[in-house]
Amino acid sequence: MPEEKSLNFIEEIVERDLAAGQKGIITRFPPEPNGYLHLGHAKSICLNFGLSLKYGGYTNLRFDDTNPVTEETEYVDSIKDDVRWLGFDWKNELYASDYFPQLYEFALTLIRKGLAYVDDSTSDEIAAGKGTPTSPGKDSPFRGRSVEENLSLFQQMKEGRFKDGERVLRAKIDMAHTNMHMRDPILYRIKHAHHHRTGDAWCIYPMYDFAHGQSDSIEKVTHSICTLEFVPHRELYDWFIEKLEIFPSRQYEFARLNMTHTLMSKRKLLQLVNENHVSGWDDPRMPTLSGVRRRGYTPEAIRDFCDRVGVAKRDNLIDISLLEFCVREHLNKVAQRRMVVFDPLKIVLINYPEGQSENLPSENNPGDEPVTYREMPFSRELYIERDDFMEHPPKKYFRLAPGQMVRLKSAYIIKCEEVIKDAAGTVTEVRCTYLPESKSGSDTSGIQVKGTLHWVSAAHTIPVEVRIYDRLFTVEDLGSIEGDFRQYLNPQSLVVKKVFAEPSLAKATAGDRFQFLRMGYYCLDEDSTPAKLVFNQTVTLRDMWAKEVKKG
RNA sequence: UGCCCGAUGGUGUAAUUGGCAACACGCUUGAUUUUGAUUCAAGAAAGUCCAGGUUCGAGCCCUGGUCGGGCAACCA
């Protein structure tokens, strides 16, 4: 039995409720369809769906579509794709807009109870009347209207007798309340706008506060989980439930996910898209689910990540290296190994017959239970990484150098015999001898070498494009910067290279994930054509040597 | 100048609810290795924001501070 993992504070609440006799739980994931889902949403999705999976119950997918001017069907579709990709199934696909008739009835109820009124004030007047956090607001001059007049006016609002902004319906609570959200919050506003689902059926739309909690209640959601910025809304949330005498859903808040070197704000991400700082919502540098998916991240890795970051109420800034650890850990298990030379240096095997070649088997993944192999052509002329040769190597360098021997992965041990340079002194070719008796799998040479290099046969290699990504922003904490966040965009966040791949990669299909030996994890991008393969770098391998070099 | 949250190694999350502060990432060192990857082993790193109080005993409870975050969209 593995050690029982400790519960997060929401699980504790759920277990307490269950122990107190509650029969099961219902949660919901309530995105507004005005942008693509990002890693922060993944945390919420894993929490909400994870809870109902763990405690027996279900989770609804409910679109909070109460603002027709920013919401679109494109977003609805992408959100559904992303939730499914992450690996979760919702019980019901619902929309707050489904509840417009019911919500309208709720508004009528409040008016009849004398708890809501139509306000003719302008937006500015209402804002001014709100007061400030440290000073009370003032009652609207329209606050005292009779129930009949309010009913009539609200009816006229619904019928389209007024223009946008001319009137609103407000709750009648307390303009001096210490909680700003309780100072007669707006319930309904007029928007003569086309809604992605209800079309032109309505010209009044409920505000978030009047739609969200009641939607939870209608669905009998037991635990309505949201982020910390909604804490002050909870008092209002409960007020509606009490006054309307409806199912008592309960709201609980947790701290949203923040990550180093990136942003988790839909508004700012939209700006990056609109201003073409990235190629789209699914640009592999984006922290969106469609972005990390295209980058090659697996749903397993994302879920593992969400599990590891935990759930609590204090502000946090998760190091992006934790995310990278999670992908590496999963990809190490599932990605097939391939060899690709990024910056080629020609090797000529002077004792290997010209015109000859042979196929050498190489493991697809050394960790697989029965190890499987692919064939790699080997010949007299090869490419290795330019970094893997040094004419004057430092002490702990155990790659190729004059007089030194290295192993070519899955092939032979070679020894550097001669270095050829051009007029500028740049090494253009390295001549080596190979040890025929050192062939992988049947090595009788008895020689042990420290270094093993990846390589590709010059005559058999296929050119491919590789897109190498780095952090989107140069600063760690985007939340604590002054000025425009765009000035911190990393100009080096995308580097495109033409590189040399082993021929078996020609068979790859979009979405396939590989480990390019010693280089990193890559996946085939959808931009690929049979004539031109494009690979996205998912994440590099851990690199102790790079650290050593950096230390100097 | 109000109300509401929060504070535990560098980061994140725990601490059987009052009993020797643990786990993970990151970092360091060593072993293994036909990937300087993986794997394995070891280690450094907080005495729990501060000050009082309750208690045999406080990271947990109480009081008062300090610091950080949120709250005044006809956004969600």
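Within every chain, numbering begins at 1; the chains are lettered A, B, ... in the order of the sequence lines, protein sequences first and strands thereafter. Note that these values count all heavy atoms, side chains included, but never hydrogens, waters or copies made by symmetry.
Using a 4.0 Å heavy-atom distance criterion, Ser121(A) is classed as a base contact. Using a 4.0 Å heavy-atom distance criterion, Met207(A) is classed as a sugar-phosphate-only contact. Within 4.0 Å (heavy atoms only), Ile413(A) reaches no atom of the nucleic acid at all. Ser123(A) comes within 4.0 angstrom of a nucleotide base, judged by non-hydrogen atoms across all strands. Within the nucleic acid shown, Phe230(A) comes within 4.0 Å of at least one base atom, counting heavy atoms only. Among the protein residues, Thr122(A) comes within range of the nucleic acid bases, having at least one heavy atom under 4.0 Å from a base atom. If you check every strand for non-hydrogen atoms under 4.0 Å, Thr66(A) touches sugar and phosphate atoms only. Residue-level contact check: Arg308(A) touches the backbone only, with heavy atoms under 4.0 Å from sugar-phosphate atoms and none from bases.
In this structure, the CZ atom of Arg234(A) is 18 Å from the P atom of G70(B), given to the nearest Å. What separates CD of Glu229(A) from P of C75(B) is a distance of 17 Å, to the nearest Å. Distance CG (Asn179(A)) to P (C5(B)): 11 Å, rounded to an integer number of Å. Put simply, CG on Leu323(A) is 14 Å from C1' on G26(B), counting in whole angstrom units. Taking atom CZ of Phe9(A) as the reference point, atom C1' of A15(B) lies 18 Å away to the nearest angstrom. The separation between Leu7(A) atom CG and A15(B) atom C1' is 13 Å, rounded to whole Å. Atom CG in Leu257(A) sits roughly 13 Å away from atom C1' in U13(B) (whole-Å rounding). Between the P atom of C75(B) and the CD1 atom of Ile126(A) lies a distance of 11 Å, rounded to the nearest Å.
Within 90° of 0 lies the glycosidic angle of G47(B), which makes this nucleotide syn. Taking 90° from 0 as the syn/anti boundary, the base of U8(B) is oriented anti.
Atom name P, nucleotides A15(B) and C71(B): the rounded distance is 29 Å, in whole Å. Taking atom P in both G69(B) and C74(B), one finds a spacing of 25 Å when rounded to whole Å. Distance check on atom P: C49(B) versus G10(B) gives 13 Å, rounded to whole Å. For the C1' atoms, the distance from U11(B) to U17(B) is 26 Å, rounded to whole Å. One P atom belongs to A42(B), the other to G47(B), and the distance between them is 25 Å to the nearest Å. Rounded to whole Å, the separation between the P atoms of A58(B) and A21(B) comes to 12 Å. For G19(B) and G59(B), the P atoms lie 10 Å apart once the distance is rounded to whole Å.
Under the side-chain contact (heavy atoms from CB on, under 4.5 Å) criterion, Ser217(A) pairs with Ile246(A), Phe247(A), Ser249(A), sequence neighbours left out. Legend: residues meeting salt bridge (charged side-chain N to carboxylate O under 4.0 Å, His left out) with Arg167(A), ordered by chain and number and at least two apart, are Asp120(A). Every residue was checked against the side-chain contact (heavy atoms from CB on, under 4.5 Å) condition with Lys550(A), not counting sequence neighbours, and none meets it. Applying the side-chain contact (heavy atoms from CB on, under 4.5 Å) rule to Asp164(A) yields the partners Ile190(A), His192(A); only residues at least two apart in sequence or on another chain are considered. Residues satisfying the ring pair (Phe, Tyr, Trp, His ring centres under 6.0 Å) test with Tyr434(A), not counting sequence neighbours, are Tyr352(A), Tyr412(A). Every residue was checked against the ring pair (Phe, Tyr, Trp, His ring centres under 6.0 Å) condition with Tyr297(A), not counting sequence neighbours, and none meets it.
Heavy-atom distances under 4.0 Å link RNA chain B to Gly165(A), Val168(A) of residues 165-175 of chain A, given in residue order.
Minimum atom distance to the side chain of Arg189(A) is reached by C74(B), of the listed C74(B), A72(B), G12(B). In this structure, the nucleotide among A72(B), A76(B), A14(B) sitting nearest to the side chain of Met180(A) is A72(B). For Asp319(A), the listed nucleotide lying nearest its side chain is U11(B); candidates were A76(B), U11(B), G2(B). For Arg314(A), the side-chain atoms get nearest to U8(B) when compared with the rest of U8(B), C75(B), A76(B). In this structure, of C27(B), A14(B), C4(B), it is A14(B) that holds the atom nearest to the side chain of Ala312(A).
A donor-acceptor pair shorter than 3.5 Å can be found between the side chains of Asn364(A) and Arg338(A). Under 3.5 Å, the side chains of His196(A) and Asp65(A) contain a donor-acceptor pair of N or O atoms. Remark: the Thr538(A) side chain and the Arg513(A) side chain contain no N/O donor-acceptor pair separated by less than 3.5 Å. A donor and an acceptor atom, one from each side chain of Asn34(A) and Glu71(A), are nowhere located under 3.5 Å apart. Between Tyr36(A) and Glu74(A), the side chains place a donor N or O and an acceptor N or O closer than 3.5 Å (distance only, hydrogens not considered). Checked by atom type, the side-chain pair Asp443(A)/Ser438(A) shows no donor-acceptor distance below 3.5 Å. At a cut-off of 3.5 Å, with distance as the only test, no side-chain donor of Asp304(A) or His330(A) sits close to an acceptor on the other residue.
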Fill in the blank from the handout: With sugar-phosphate taken as primed atoms, P, OP1 and OP2 and all else as base, the protein-contact string of nucleotides 30-44 of chain B at under 4.0 Å (heavy atoms; B, S, -) is ----BBBSS------
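Cation-pi geometry between Lys268(A) and Phe485(A) is satisfied (NZ or CZ under 6.0 Å from the ring centre, within 45° of the ring normal).
Residues in residues 361-375 of chain A take part in these salt bridge (Lys or Arg N to Asp or Glu O under 4.0 Å) pairs, two or more places apart or across chains: Glu363(A)-Lys409(A), Arg374(A)-Glu502(A).
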Could you go through nucleotides 16-20 of chain B and list every protein N or O atom that sits under 3.5 Å from one of its N or O atoms, giving the distance for each pair?
unit_1: U17(B); atom_1: O4; unit_2: Glu12(A); atom_2: OE1; d: 3.1
unit_1: U17(B); atom_1: O4; unit_2: Glu12(A); atom_2: OE2; d: 2.9

Detail all sub-3.5 Å separations between protein N/O atoms and N/O atoms belonging to nucleotides 66-69 of chain B.
unit_1: G69(B); atom_1: O4'; unit_2: Asp315(A); atom_2: OD2; d: 3.4
unit_1: G69(B); atom_1: O2'; unit_2: Asp315(A); atom_2: OD2; d: 3.4

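One finds no salt bridge joining Glu125(A) and Lys138(A) here, because no Lys/Arg side-chain nitrogen approaches an Asp/Glu carboxylate oxygen to under 4.0 Å.
Comparing His181(A) and Pro206(A) along RNA chain B, the residue whose closest nucleotide (by nearest heavy atom) sits nearer the 5' end is His181(A). Ranked by how close their nearest RNA chain B nucleotide is to the 5' end, Lys266(A) and Lys43(A) are led by Lys43(A).
With a cut-off of 3.5 Å on both pairing distances, the Watson-Crick and G-U wobble pairs of RNA chain B assemble into stems of 3 or more at B:2-7 with B:66-71, B:10-13 with B:22-25, B:27-31 with B:39-43, B:49-53 with B:61-65.
Taking the six-membered ring where tryptophan is involved, the planes of Phe398(A) and Trp545(A) are tilted, since the angle between them lies from 30° to 60°.
Applying the 3.5 Å distance criterion, the base of A72(B) shares no donor-acceptor pair with the side chain of His177(A).
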